[in-house]
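Here is the structure we will look at, set down as structure tokens.
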Amino acid sequence: MRRFFIAGNWKMNKAKDEACGLVEGILAGIEGCPHVDIAVCPPFTFLDTAAQKAVNTPLMIGAQNVYYRESGAYTGEISPPMLKSVGCGYVIIGHSERRIYFKETDSEINRKVHMCLKNGLIPILCVGETIGQKNDGRTFDVLNSQVIYGLEGIDDHLVRNIIIAYEPVWAIGTGVTASGDQVEEIHRFIRNTIREFACDEVSAGVRIIYGGSVNSGNAVDLLARDNVDGALVGGASLKAGPFCEIVKIAESLARTISIPG
Ligand code: 13P
């Protein structure tokens, strides 16, 4: 059974007092949602505080990026053991904003995935096509290569822990969401791509979540699909109310029986 995973990506937003207030608001708003895995991904500077507030609660903490070495002379970087030591469980890797603005390559992204797994962190591997790639009819090629390179060299038993986030670049922060039908088709394609190098049981168990202008108005259409296992929420995760509404929608649709991949 794949449990829903709903995560908020705060991106480069909030000051410390706002971040504390948001975590507190979310903690109050997610009570009574035992069938959903819930995480927030604040900026590095607030991870420690957020993780302390979330101790002994259902809320889990993720980072938005990481470096692919464990320590050393890499000024300005943050390593997987550092994240682990403050209570992080997840790391967003290969977000399109990092691929586009910071020129992250598939090879760097793959190294980050390996290093996170080695250190007991769950990667949330982001993949997604740009509007140009979509218009050129290259969506499936792009996704195939991002998934294959991103997961290269990872053992089956570790692939099952990874979360894939399909985030079409044209839907991020634009208010334009892919339709539930489009997302289901693409998630099925991603699962089939994983099936090419991992066994059926693993590919059926990997969670594939959707990100791109998710809000409480479109969450039902997206989350009701067989292969949509949650959401990576940007703008709508910056206030407790809208984020918790999405969590509650997931809880109302929660799967309590196994579904085929
Ligand atoms: P928005 O929900 O603001 O479109 O952002 C999506 C996203 O990039 C999550 O990682």
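Reckoned from all heavy atoms, side chains included, excluding hydrogens, waters and symmetry mates. We count ligands from 1, going down the list as the structure has it; atoms in each ligand are counted the same way.
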Next on the checklist: Can you see whether Gln146 engages Tyr166 through a side-chain donor-acceptor pair at a distance of less than 3.5 angstrom?
Outcome noted: no
Checklist entry - In ligand 1, which numbered atoms sit nearer than 4.0 Å to a non-hydrogen atom of Ala171? => result 4 (O)
Checklist entry - Run the salt bridge (charged side-chain N to carboxylate O under 4.0 Å, His left out) check on Lys53 and Glu24 step by step: do they pass? => result CA-CA 8 Å; Lys53 286 188 183 296; Glu24 283 160 12; 2.7 Å; yes
Checklist entry - Do ligand 1 and Thr174 have nitrogen or oxygen atoms that lie under 3.5 Å from each other? => result no
Checklist entry - Less than 3.5 Å between some nitrogen or oxygen of Gly235 and one of ligand 1, yes or no? => result yes
Checklist outcome for this item: Taking only non-hydrogen atoms of Gly212 and a 4.0 Å limit, the atoms of ligand 1 in range are 4 (O), 6 (C)
Checklist entry - With a 4.0 Å cut-off, would you call Glu97 and Lys11 a salt bridge? => result yes
Checklist entry - Side chain or backbone of Ser96 under 4.0 Å from ligand 1, or both, or neither, by non-hydrogen atoms? => result neither
Checklist entry - Are any of the heavy atoms in Ser213 under 4.0 Å away from ligand 1? => result yes
Item to check | Check against side chain to side chain donor-acceptor pair (under 3.5 Å), Asn227 and Glu184 | outcome: CA-CA 6 Å; Asn227 281 286; Glu184 171 64 15; 2.9 Å; yes
Checklist outcome for this item: With His95 as partner, the option from Gln64, Glu167, Glu104 fulfilling side-chain hydrogen bond (donor to acceptor under 3.5 Å, both in side chains) is Glu167
Checklist entry - What part of Leu232, side chain from CB on, backbone N/CA/C/O, both or neither, has a heavy atom under 4.0 Å from ligand 1? => result both
Checklist entry - Any side-chain heavy atom of Ile124 within less than 4.5 Å of one from Phe5? => result yes
Item to check | pair Phe140-Glu185: side-chain heavy atoms closer than 4.5 Å | outcome: yes
Item to check | Identity and distance of the protein heavy atom lying nearest atom 2 (O) of ligand 1 | outcome: Gly234 N, 2.9 Å
Checklist entry - Are any of the N/O atoms in Gly173 less than 3.5 Å from those in ligand 1? => result yes
Next on the checklist: salt bridge (charged side-chain N to carboxylate O under 4.0 Å, His left out), that's the test. Do Arg191 and Asp229 meet it? Break it down for me.
Outcome noted: CA-CA 12 Å; Arg191 198 173 299 290; Asp229 304 315; 2.9 Å; yes
Checklist entry - Do any heavy atoms of Gly175 fall under 4.0 Å from ligand 1? => result no
Next on the checklist: Out of all atoms in ligand 1, which are within 4.0 Å of some heavy atom of Lys11? Include the element for each.
Outcome noted: 5 (O), 6 (C), 7 (C), 8 (O)
Checklist entry - For atom 9 (C) of ligand 1, which protein heavy atom lies nearest, and how many Å away is it? => result Glu167 OE2, 2.9 Å
